[in-house]
> 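First the structure, then my questions, so here it is.
Hydrogens, waters and symmetry mates are skipped; everything else that's a heavy atom, side chains included, is used. Since this is a predicted model, take the numbers as computed values, not measurements. One-based numbering along the sequence shown.
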Amino acid sequence: MSVKPIRLFGDPVLRTPAEPVRDFDAELRRLVKDLTDTMLDAPGVGLAAPQIGVGLRVFTYHVDSDEPGHLINPSLDLSQEEDEDDEGCLSFPGLAYPVKRAYGVVAKGFNMYGDPVTIQGTELLARCIDRMDPAQRKLAMKAIREAEWWGDPIPKVKVSPHDTLGRAL
């Protein structure tokens, strides 16, 4: 098992745009395994590479009873129909707020071997944590500042697991 520490709100890696994956190699497959193990151990339903300090466009998910999945370099087509539900995030431990999201999504990208993948989902699979309305965001920020983990030292950002010295090729 390769469980990694999850980065918390306030860590710059969570707000730095992730680089696209260019090398579909053994290191990428190890990253997908690390993400999956970390997500399942947390437990969570989704985890992106920046949440473990790796600035690459890699996402793992585990929804319902299906096997965990992953998507590399995703692009999203969101439905116009919206859904609202309480939502949390592994980078905001112990906090959940009502958030409006697209009800459905078609996500296209690649698997860890570089094969094209299309995933269609609704509700939980279509959700993530970054778009609260201003009033909910204000309440969330207050709760974050009061959380026991707020103010912990921020670990060093690892941009890539590849030998690219932190730069995409």
Side-chain angles (χ1 to χ4, degrees), residues 1-9 11 13-79 81-132 149 155 157-164 168:
M1 185 179 271
S2 53
V3 174
K4 303 294 182 190
I6 295 174
R7 302 297 178 95
L8 300 178
F9 178 81
D11 190 319
V13 73
L14 298 176
R15 286 292 184 198
T16 303
E19 294 287 330
V21 170
R22 289 180 170 64
D23 298 321
F24 291 80
D25 57 12
E27 289 188 58
L28 176 64
R29 290 187 289 283
R30 195 168 21 256
L31 173 61
V32 170
K33 179 166 180 17
D34 291 350
L35 276 170
T36 302
D37 289 349
T38 304
M39 174 188 62
L40 294 174
D41 183 70
V45 296
L47 190 66
Q51 289 179 277
I52 63 168
V54 180
L56 290 173
R57 297 187 64 212
V58 180
F59 175 73
T60 59
Y61 59 91
H62 187 230
V63 178
D64 300 324
S65 62
D66 294 337
E67 288 294 312
H70 66 277
L71 196 57
I72 314 294
N73 297 338
S75 65
L76 305 178
D77 181 19
L78 304 174
S79 71
E81 184 182 356
E82 290 186 328
D83 183 34
E84 184 174 323
D85 200 359
D86 284 350
E87 193 170 300
C89 175
L90 295 174
S91 292
F92 293 77
L95 303 177
Y97 293 91
V99 178
K100 281 187 183 179
R101 295 279 180 222
Y103 177 76
V105 65
V106 176
K108 294 181 180 179
F110 301 90
N111 68 15
M112 67 179 115
Y113 302 102
D115 301 321
V117 175
T118 299
I119 301 167
Q120 293 182 305
T122 58
E123 298 181 58
L124 186 56
L125 188 57
R127 302 184 67 79
C128 61
I129 189 67
D130 201 310
R131 309 245 172 137
M132 296 179 178
W149 49 264
V157 173
K158 181 178 180 185
V159 176
S160 171
H162 303 283
D163 293 330
T164 60

> What closest approach, in Å, do Met39 and Pro68 show between heavy atoms, and which atom pair accounts for it?
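Closest heavy-atom pair between Met39 and Pro68: CE-CB, 4.3 Å.
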
> Measure across Arg29 and Met112 and return the closest heavy-atom pair with its distance rounded to 0.1 Å.
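Of all heavy-atom pairs spanning Arg29 and Met112, the closest is CG-SD, 3.3 Å.
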
> Looking at Val32, Leu56, Val117, which hits side chain to side chain contact (heavy atoms under 4.5 Å, CB included) with Ile72?
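Exactly one candidate clears the test, Val32.
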
> Rounded to the nearest 0.5 Å, how far does CD of Gln51 lie from CG of Leu35?
8.5 Å

> Using side chain to side chain contact (heavy atoms under 4.5 Å, CB included), reason through Thr38 and Thr60 one step at a time and then give a plain yes or no.
CA-CA 10 Å; Thr38 304; Thr60 59; over 6 Å; no

> Compare every heavy atom of Thr118 with every heavy atom of Lys108, then report the nearest pair and how far apart it is.
CG-OG1, 3.7 Å

> If you measure from CG on Asp25 to OH on Tyr113, what distance do you get to the nearest 0.5 Å?
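Answer for the CG-OH pair, Asp25 versus Tyr113, is 12.0 Å.
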
> State, with a plain yes or no, whether a side-chain heavy atom of Val21 is found less than 4.5 Å away from one of Phe110.
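When only atoms from C-beta onward are counted, Phe110 and Val21 do not touch, as no gap falls below 4.5 Å.
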
> Which pairs, with at least one residue in residues 69-78 and sequence neighbours excluded, count as a side chain to side chain donor-acceptor pair (under 3.5 Å)?
none

> I need the Asp41 CG to Thr36 OG1 distance, nearest 0.5 Å.
12.0 Å

> Using every non-hydrogen atom in the two residues, find where Pro50 and Gly55 come nearest and quote the distance to one decimal.
CG-CA, 4.5 Å

> Nearest heavy-atom pair of Ile6 and Ala42: which atoms, and what distance?
CD1-CB, 4.1 Å

> Taking side-chain contact (heavy atoms from CB on, under 4.5 Å) as the definition, give me every residue that meets it alongside Pro74, ordered by chain and number, with sequence neighbours left out.
Arg57, Leu71

> Quick test of your reading of the model: are Arg30 and Asp34 salt-bridged, counting only N-O distances below 4.0 Å?
no

